[in-house]
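To keep things clear, I will list the structure first and then write my remarks on it.
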Amino acid sequence: MFRTLRRALCVAAALLLPLAGVQSARADVTAEAAGAGYWHTSGRQILDAAGQPVRIAGINWFGFETANRVAHGLWTRDYKSMIDQIRSLGYNTLRMPYSDDILKPGAMPDGITFDGKNTDLRGLTSLQVLDKIVAYAGQSGLKVVLDRHRPDAAGQSALWYTASVPESTWITNLKALAARYKGNSTVIGIDLHNEPHDPACWGCGDTSRDWRLAAERAGNAVLSVNPELLIMVEGVQSFNGTNIWWGGNLAGVAQYPVRLDVPNRLVYSAHDYATSVADQSWFTDPSFPANMPGIWDKHWGYIFKQNIAPVWLGEFGTTLKPSVDQKWLAELVKYLRSTSAYGTDSFHWTFWSWNPNSGDTGGILKDDWQTVDTAKDAYLAPIKAPGFGSGTPGPGPGDPGNGTPTCTAAYTVGSDWGGGFNAEVKVTNTGTLPLKSWKVTWTWSGSQKVTNMWNATHTQTGATVTAVNAAHNGTVAPGGSAGFGFGGAPGGGGVPAVTCTAT
């Protein structure tokens, strides 16, 4: 997202498009962990290397596209704790925006604290820090989509090139990233360019403005280096006189589909926002929010509903302060299809953003870069999906559980202000069998009580607390992790010993 208010014109009357030939299959979200290897597409679904359907249900963590040339928040936290918290909240994919500046020789990050944190990042270039984030994300069961967000840190561009960053540089750098992560299936795709908008067109045939043709050139160049990657192609702003959010208009796909040399690698991506980003005519329509599904159908939803290709809502966000935004988000989550009802036969998504410093949306984290905005996170709960493992090996030599699941838990206090505190608990699968569920128990030495808990349910008897996984994070692959957070009172209780029991 370009984090200033933007303008878009009114959309024409919504056109409801039919579901063509695809039944709404309900997937068993408690099945064996999917996601291993590189992914490919089949109709409107994304499948892993074993042919199991998956759902991208993730978060944007920005910063590499800014003058810092690194993910934001590392000035106050360790990158591993950040990824652990993202995973514990039930997000399974990171969309990582970057600018071409990080590919300049010797580009160094600015804004990392090494005081007891991020010690393994000291002296690394921006690309080397990205390597570390990708490696730890993969170890934690997350996938990564790289997002070419800007040509340089100076700001957003309407077209995929500028005077200082020509198309040739854009394509060279995309190929360099594809080569860098070739063989590392944590990086499952590349979003070719963020939010093309006027004068960008779709299908007009002018090679200097036609984003559809540019996406074909760049996508095929990436696939020539790594034919296993997914190619994410965003929309434009305007098509045939109708306008919507930057990058959000994919109405032209019906007439002018993107053509790639490697089949089953194309994912279309849209963006959608609320009034905290910019006001739009549809928000004041008397039928709002019932009018929204028709608008989404017309501009990008039809691609999914007609089984043309998978659709990924790469960005959507809001401060959630205006009541109209709350209604918009509730309607959009319903439109994206709940995992419990539809499983992986759903739209894919990455919320904007993890960062609290997105000026017109805020983030899942609050300004202290620790505390979770539980109200905002709760809206997304129905569309969260399981994380990704690397398979389900049986017991073998060195199996510490002797054929039974095993786990450990680590309790960390994130903040303590005397009258209360916030803490996180990370659960790690230490065996060779997948966890189907887990519970964590501890006993405080003082009078502490849990005041609220997210990504787990709890009971408390006296000073003893038992926390049990939520529906979306009970399955943990060998070596993977999950977790939960909670608030308590009073503060000053220290860190108790914790035990983890797995099934």
Side-chain angles (χ1 to χ4, degrees), residues 1-2 6 8 11 14 17 39 41 44-46 54-62 90-97 143-145 147 149 188-197 230-237 244-251 253 266-274 276-277 280 282 289 292-306 308-318 320 325 328-339 342 344-354 358 361 363-364 376-377 379-385:
M1 188 179 85
F2 184 37
R6 62 183 107 181
V11 235
L17 292 165
W39 296 354
T41 68
R44 69 189 190 183
Q45 291 199 313
I46 299 177
V54 295
R55 184 179 199 183
I56 296 173
I59 197 84
N60 285 269
W61 183 13
F62 68 78
Y91 300 101
N92 66 24
T93 303
L94 292 175
R95 181 176 182 257
M96 300 295 295
K143 293 289 189 176
V144 173
V145 175
D147 155 44
H149 210 73
I188 46 94
I190 298 181
D191 189 341
L192 297 178
H193 178 62
N194 185 64
E195 296 186 346
H197 55 278
L230 296 178
I231 302 299
M232 277 72 170
V233 179
E234 297 187 28
V236 290
Q237 177 186 355
I244 198 167
W245 302 103
W246 292 357
N249 197 335
L250 287 160
V253 168
L266 175 63
V267 176
Y268 289 107
S269 177
H271 291 182
D272 201 83
Y273 280 98
S276 61
V277 173
Q280 305 284 7
W282 47 86
M292 295 308 302
I295 292 170
W296 297 323
D297 277 343
K298 178 177 181 178
H299 291 98
W300 46 271
Y302 77 94
I303 297 171
F304 172 85
K305 292 187 175 183
Q306 295 183 7
I308 296 169
V311 176
W312 169 45
L313 194 61
E315 290 185 20
F316 61 107
T318 167
L320 209 59
D325 286 26
W328 164 84
L329 185 54
E331 192 69 30
L332 181 56
V333 165
K334 183 169 66 175
Y335 184 83
L336 295 178
R337 313 183 98 184
S338 72
T339 301
Y342 296 98
T344 54
D345 188 33
S346 306
F347 291 93
H348 304 272
W349 59 273
T350 43
F351 188 72
W352 188 277
S353 63
W354 179 243
S358 176
T361 66
I364 292 297
K376 190 178 290 187
D377 184 63
Y379 272 87
L380 304 174
I383 55 175
K384 290 181 181 178

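- Applying side-chain contact (heavy atoms from CB on, under 4.5 Å) to Leu230 and the options Ile188, Val145, Asp191, Leu266 leaves one that passes, Ile188.
- If you look at Tyr91 and Phe351, their ring centroids are not closer than 6.0 Å.
- Here the straight-line distance linking atom CG of Leu192 with atom CE of Met232 works out to 9.5 Å at 0.5 Å rounding.
- Note on ring orientation: taking the six-membered ring where Trp is involved, the planes of Tyr273 and Trp245 are perpendicular (angle over 60°, cut-offs 30° and 60°).
- Here the two rings, on Trp352 and Phe62, have centers that are under 6.0 Å apart.
- Between Trp282 and Ile295 the shortest heavy-atom distance is CB-CD1, 3.3 Å.
- Among all heavy-atom pairs drawn from Asp297 and Tyr335, the shortest one is OD1-OH, 2.6 Å.
- Evaluation of the side chain to side chain contact (heavy atoms under 4.5 Å, CB included) rule for Ala270 yields Leu250, Trp300, Leu313 as partners, not counting sequence neighbours.
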side-chain contact (heavy atoms from CB on, under 4.5 Å) between Leu329 and Phe316, worked out: CA-CA 9 Å; Leu329 185 54; Phe316 61 107; 4.0 Å; yes
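- The minimum heavy-atom distance between Ala385 and Thr339, with the atom names listed, is CB-OG1, 4.2 Å.
- Between Asn60 and Glu315, some side-chain heavy-atom pair lies under the 4.5 Å cut-off.
- Nearest heavy-atom pair, Gly314 versus Arg95, reported as atom, atom and distance to 0.1 Å: O-CD, 3.7 Å.
- Minimum heavy-atom separation, Glu331 to Pro289: CG-O, 3.6 Å.
- When every heavy atom of His271 is checked against every heavy atom of Trp246, the shortest pair comes out as CB-O, 3.9 Å.
- By the 4.0 Å N-to-carboxylate-O rule, Lys376 lies too far from Asp325 to be salt-bridged with it.
- In terms of the salt bridge (charged side-chain N to carboxylate O under 4.0 Å, His left out) criterion, Asp272 has no residue partners (sequence neighbours excluded).
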